[in-house]
Protein chains: 2
Amino acid sequence: MSDYNEEIVPEMCKVTDALGILVGKWKPVILLHLLKNGTQRFNELKRSLPGITQKMLTNQLRELEEEDIIERKVYAQVPPKVEYSITDYGTSLEPILHAMHVWGANHTIHKQTKRNNQAEAK
Amino acid sequence: MSDYNEEIVPEMCKVTDALGILVGKWKPVILLHLLKNGTQRFNELKRSLPGITQKMLTNQLRELEEEDIIERKVYAQVPPKVEYSITDYGTSLEPILHAMHVWGANHTIHKQTKRNNQAEAK
DNA sequence: CCGTATCCCCTGAGATACTG
DNA sequence: CAGTATCTCAGGGGATACGG
């Protein structure tokens, strides 16, 4: 691995920074959904994410917007219409999300076989 | 992006799973340090991570061990000697950590220039 | 040297109700 | 439709002290 010089403390660690942006119960799921389906309205998202509350959805969207990962577009009309989409900048996260998806899927299998081995060991 | 089928809820999302393993205040920093410097003793780690408490260090190490990311080797001797190292399996995380490091470093710059632009806008 | 055991605090997140 | 406003609770993480 190249040079991770003196990032020996969380406050200096760029990995921790990147992580911070993805962390949040619904953030990965929201990002994957927007990447896959493109622009979505607020209620469209809400319906696609069973179990999320309005508060949480607003909250997670705001935090992602704050980091310029997603864009919020408000149409001045009644009834209100608000659209959310991934920014160009936000798409730079896609390779990372993809890698984590693959790794996570594999890890699920890893843990499963581990449990099986432990079970047959007795 | 390929197929992220019905992972429309956090409990099914593999990205969330992968994230869960990296999340923890000192985990990224510990992993980077072990990847860079190889096997380390407990106190060696503690000294390298200014500000971490014994409790936290033990805690984070245990959680990583639980996922087979790191290995804990206890030598039966007094005074005690315990060594920690990344497992082969654990090194599969390195590309992800590297990608996050690069992305995070760039994001720091992104936010900085953003602030500068906002400042000169007035 | 390498840890546990406590106590305490703060924030992320759920439930619920209200509004332009 | 697309949000705020409260209230509440669990658990991640700090400080500190003790133990094999």
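We use all heavy atoms of the structure for the numbers below, so side chains are in, but hydrogens, waters and symmetry mates are not. What you are looking at is a predicted structure, and each value in this text was computed from that prediction instead of being measured. The sequence lines fix the lettering, A, B, ..., with proteins before strands; numbering per chain opens at 1.
Of all non-hydrogen atoms in A:L19 and B:P28, the two that sit nearest each other are CD2-CG, 3.7 Å.
One interatomic measurement links the two molecules: CG of B:L57 to P of C:dC1, which rounds to 14 Å at whole-angstrom precision.
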With sugar-phosphate taken as primed atoms, P, OP1 and OP2 and all else as base, the protein-contact string of nucleotides 5-20 of chain C at under 4.0 Å (heavy atoms; B, S, -) is BB------BBB----B
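Residue contacts for B:Y84: at a heavy-atom cut-off of 4.0 Å it reaches the sugar-phosphate backbone alone, with no base atom in range.
Near DNA chain C, meaning a heavy atom under 4.0 Å away, the residues from residues 40-50 of chain B are B:R41, B:F42, B:N43.
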Quick one: side chains of residues 48-58 of chain B, donor-acceptor pairs under 3.5 Å with protein atoms, not counting sequence neighbours, listed by atom name and distance.
residue: B:S48; atom: OG; partner: B:E44; partner atom: O; Å: 2.8
residue: B:T53; atom: OG1; partner: B:M56; partner atom: N; Å: 3.2
residue: B:T58; atom: OG1; partner: B:Q54; partner atom: O; Å: 2.7

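Judged as a side-chain contact (heavy atoms from CB on, under 4.5 Å), and not counting sequence neighbours, the contacts of A:D68 are A:Y89, B:H110, B:K114. For B:E63, the salt bridge (Lys or Arg N to Asp or Glu O under 4.0 Å) partners at least two apart in sequence or on another chain are B:K27. Not a single salt bridge (Lys or Arg N to Asp or Glu O under 4.0 Å) links B:K73 to another residue, sequence neighbours left out. In this structure, A:E66 has no side-chain contact (heavy atoms from CB on, under 4.5 Å) partners at least two apart in sequence or on a different chain. Residues satisfying the salt bridge (Lys or Arg N to Asp or Glu O under 4.0 Å) criterion with A:E83, sequence neighbours excluded, are A:K81. Applying the side-chain hydrogen bond (donor to acceptor under 3.5 Å, both in side chains) test to A:D88 and every residue at least two apart in sequence or in another chain returns nothing. Residues satisfying the salt bridge (Lys or Arg N to Asp or Glu O under 4.0 Å) test with B:E67, not counting sequence neighbours, are A:K111. Every residue meeting the side-chain contact (heavy atoms from CB on, under 4.5 Å) condition with B:N37, not counting sequence neighbours, appears here in chain and number order: B:H33, B:Q40.
Each end of the helix from C:dC1-D:dG20 to C:dG20-D:dC1 gets its own axis, taken as the rotation carrying the C1' atoms of four end pairs onto the next four within a five-pair window, and the two axes meet at 50° to the nearest 10 degrees.
For the OP1/OP2 pair of C:dG3 and a distance below 4.0 Å, the side-chain nitrogens and oxygens of B:R62 include at least one atom meeting the criterion.
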